[in-house]
Visitor: 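I am attaching a structure below and will ask some questions about it afterwards.
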Amino acid sequence: MPRYDFKRIESRWQQYWEQHQTFRVDDCVPGKAKLYVLDMFPYPSGEGLHVGHPEGYTATDIVCRYSRMKGMNVLHPMGWDAFGLPAEEFARQKGIHPRIKTEENITTFRRQLKMLGFSYDWSRELSTTDPDYYRWTQWIFLQIHDSWYDSQCVWTGPDGVERRGRGRPISELPIPAEVQAAGQAAVRRYQDRHRLAYLSEAPVNWCPELGTVLANEEVIDGRSERGDHPVVRLNLKQWMLRITAYADRLSEELSDLSWPESIKYMQRNWIGRSVGAEVDFRLATAEDQFSTWTAQRQATGFPQEPESQVLRIYTTRPDTLYGVTYMVLAPEHPLVEQLTTPEHRPAVEEYRRKASLKSDLDRTDLAKEKSGVFTGGYAINPVNGQRVPVWIADYVLISYGTGAIMAVPGHDERDFEFAKTFGIPIVQVVAPSHADAATPDLQSSAFTDYGVAINSGAWDGTPTAEFKTRITADLAARGVAREAVNYRLRDWLFSRQRYWGEPFPIWHELDAEGNPTGLMRTDSVESLPVLHPHVEDFKPTGTPEPMLSKAGDDWLYRTDSDGVRLKRETNSMPQWAGSCWYYLRFCDNRNSGSFIDPEKEKYWLPVDLYIGGAEHAVLHLLYSRFWHKLLFDRGHVSHPEPFQRLVNQGMILGENGEKMSKSRGNVVNPEKVVEQRGADALRLYEMFMGPLEQVKPWQTSGVEGVYRFLGRVWRMLIDDRAEAVTLDAAVQDCPATDDQLRLLHRTIQAVTDDIDRLAFNTAISRMMEFTNAMTEQSVRPKCVLEPFVLLLAPFAPHLAEELWAALGHTRTLAYEPWPISDPAWLVEDTVEIPIQVSGKLRGRIVVPAGLSAVELQAVAEADESVKKLIEGRTVVKVIAVPGRMVNFVVR
RNA sequence: GCGAGAGUGGCGAAACUGGCAGACGCGCUGGAUUUAGGAUCCUGUGCCUUAAACGGCGUGGGGGUUCAACUCCCCCCUCUCGCACCA
């Protein structure tokens, strides 16, 4: 009667774990090593769980269950990244508050995850939408807002490492005397400009339909990624976080992390550090002013900001200055107005208008032909006094470097293309350094390699690398250039106009007429969280006016104790905010006095193993590191990095080998699989499919396979013809045979090694081999089966618990010691050795184990079958590898 | 274009440091049990030749190193992912 009834078994043990709080973990347990294993917490979508979720979650669960059995104190939490647009869109369509829909979705996700038997400590559950949680998200924002970046500060952190650059309290920002003299308001404005969270007016991607600005990554071909709505560029005042201040540390400190190289590469690439020079070109308004200006510069040096008559460019190739034949400004560049001559004005205006409608992403589309217009203006090349025409073109971005370039078509692909399109001269100033190298054909493509200088006056013959540093130094001495570092990374646009995100703890001061003065105040820490206001409907305003501005006056306005009238900030934070620090809150999710207790932070952090999809390579994982470093600088956390080891699970494809999607009709619903074959079967199958990090297609027949295996394990121990759950007659309390012990210990060894390597697929195959061999035995000793059940437990915990109980145990096996393999049983008495003749397999002999090379050769040579193989041949050489093979090399 | 990873049976895959290629599972062949189906158990299963493999060929293709190569080196092809006017 008791077939393998997974429904009964799984619900029984899930109830047991819940009732006994089996996986509740204490903080700071003395004498036990800690292990913090983290899953990327899900966005609880209305769709419910996807088969991709249990893949990573099962992997971490195996590691956790295994590590507990090895005696470690394991933190394994789960929560919800639940702010975001979908719930708000739903609210807009159905008129139901996003919180209600969000809670409904969380309930579904929680039920589905519990159904899979993951050993989470559910008492640590959190949602980014809980006021108790986002209270601290707002608090961290205030920490960022209260900080400035002192790039010169040299200091030693609690990790004992000396660093340059530190986020420091704004109160410690040195205020220049002239600012101080200008009064309190000037000082406050000065501070605001230096904060790590600041307001800035910049062109952004505005999506009227969604009612919010979007990050560049969220815009595809001028339309929103979500919903495919049009996106326009608007100048809007937005909150920015100064992540660029941390660019160097974010890039450099990657090297100590155990992360996939590809992810580190992507982050470094995203940060995109480049070293070059800023060079000033005097505008050619009147020839004679150039010499006056250079003489002046020689005396005063290179100024922080260029004068109004000067065009500052950034280049990584100052060695090609003699090859400059034109210059390009981004269409938005402030000097365009001044440079444009009357006859070129209409064309320039038209070009600027068109460019303003394109997003950065559109403009950087490589497939596009180069475009641009001549301004009519000229600048003077500081190396040789040549007049150079100045163009505007959208291949130069205002947001990178100085928003202006010197163009060297001979040695830059983009400039080459542009020069070809507009018939601008191309001058060669670099030649290949090897005399025998072919002369580059500058009619067909640019020569971008390093080489030696030519056509560069006295510099001719200087190698590129040397030339770069020397000419930069030379121009710097003349006050017209300086060394400069640039980053591809931009400051993080941190505000959205949505309702369903964290409100900012910021107030704007109003003057007597009710207009903003530009000065701001923050909510006190005690008054957090800033809760969401009631709004009548969730329709976007249709203007860049944030959703929160629909709130009533009681939420929007107040008068401070000093009588100053204040208006609330009505933007909200992006979804990344909550996911930036959730791993910290899991250590101490009930703390009402602080975002985390320092003792607990010190105990649990950093995360030892973080498993999730690669899609967060540069967003979540970079933002999190940034926040963590700021908290580190401000003394709130003790370790400079949050995630020590990162593993990316590979995507699970549909049965047809394509990405799973509703439109392709190849989506597998994990809940259905659990219903038909059980949670243990789903867990086991997802781990058996192949290596964790590999992309792999779903095979329903594969689920059948592991399900059959679970049935075989069941029948290996349980009499499935009996009425109740009874051990099979073959399972006996007797000593094991040598063969059985060898099998057991080999399996223990292999499964243990495989879990350590996260090679769960091979671990499972070893357990299958064990089961196949043991099932053949008519007597199956308990002392062999018990350790096996423990090995199975991390993979198929429900079945393992049930079998453990059937074996007579009354308590959960979750904390039973992990079996240890006895080396004595890992060695065989005899081994089969392949015999090769000249490298080809020709036979096999059975010999005692542990023979040395010399002994093995002697035994092989004495063997009759081997003698036959080499009969009549001349053996030139014999190679014997102990335990492996013998090779007779014959002529 | 640049960067990274990967190409092994009909399919998912294994092979740790160069040492028996294809473990384990799916599928398929034949059989047992069964009224039948299902379930379960047993058997075989890289390809070719063959009555049979103790023969030949086999890890994307070509070359090389080595007694020995999926593994190391060189060239080429294909696929996946990431980046892609960042001066």
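All values below come from the heavy atoms of this structure, side chains included, with hydrogens, waters and symmetry mates left out. Below, chains carry the letters A, B, ... as their sequence lines are ordered, and counting in each starts from 1.
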Visitor: Need one value for A:Asn887: base, sugar-phosphate or nothing, where a base atom within 4.0 Å counts as base even if backbone is also close, heavy atoms only.
Guide: base
Visitor: Is the phosphate of B:rG3, meaning OP1 or OP2, less than 4.0 Å from a side-chain N or O of A:Ser262?
Guide: no
Visitor: Using Watson-Crick or G-U wobble geometry with both distances below 3.5 Å, tell me the partner of B:rC54, or none.
Guide: none
Visitor: Is a salt bridge present between A:Lys420 and A:Glu417, judged by a nitrogen-to-oxygen distance below 4.0 Å?
Guide: no
Visitor: Starting the side chain at C-beta, find the nucleotide from B:rC41, B:rA13, B:rG27 nearest to A:Arg715.
Guide: B:rC41
Visitor: Suppose we define a pair by two distances each less than 3.5 Å, Watson-Crick or G-U wobble; what does B:rC24 pair with here?
Guide: B:rG12
Visitor: Sort out for me which residue in A:Leu311, A:Val390, A:Ile392 forms a side chain to side chain contact (heavy atoms under 4.5 Å, CB included) with A:His333.
Guide: A:Leu311
Visitor: How is A:Met768 classified with respect to the nucleic acid when contacts are heavy atoms under 4.0 Å: base, sugar-phosphate, or nothing?
Guide: sugar-phosphate
Visitor: Check whether any side-chain N or O of A:Arg488 sits under 4.0 Å from OP1 or OP2 of B:rA84, and answer yes or no.
Guide: yes
Visitor: Can you name the salt bridge (charged side-chain N to carboxylate O under 4.0 Å, His left out) partners of A:Arg664, sequence neighbours left out?
Guide: A:Glu658
Visitor: Mind checking who B:rC72 pairs with, Watson-Crick or G-U wobble, both distances under 3.5 Å?
Guide: B:rG64
Visitor: Could you check whether A:Pro260 gets within reach of a base, just the sugar-phosphate, or nothing at all, counting any heavy atom under 4.0 Å?
Guide: nothing
Visitor: Using the glycosidic torsion, which applies to B:rG9: syn (within 90° of 0) or anti (everything else)?
Guide: syn
Visitor: If you define the side chain from C-beta out and look only at heavy atoms, does anything of A:Tyr707 sit under 4.5 Å from A:Tyr685?
Guide: no
Visitor: Under 4.0 Å between a side-chain N or O of A:Arg3 and OP1 or OP2 of B:rG38?
Guide: no
Visitor: Could you check which of B:rC24, B:rA87, B:rC20 has an atom nearest any side-chain atom of A:Ile405?
Guide: B:rA87
Visitor: Does B:rG3 pair with anything, Watson-Crick or G-U wobble, both distances under 3.5 Å, and if so, with which nucleotide?
Guide: B:rC81
Visitor: Looking across every strand, which nucleic acid part, if any, lies under 4.0 Å from A:Arg884 by heavy atom: base, sugar-phosphate, or nothing?
Guide: sugar-phosphate
Visitor: Answer with base, sugar-phosphate or nothing: what part of the nucleic acid does A:Glu704 contact at a heavy-atom distance below 4.0 Å?
Guide: nothing
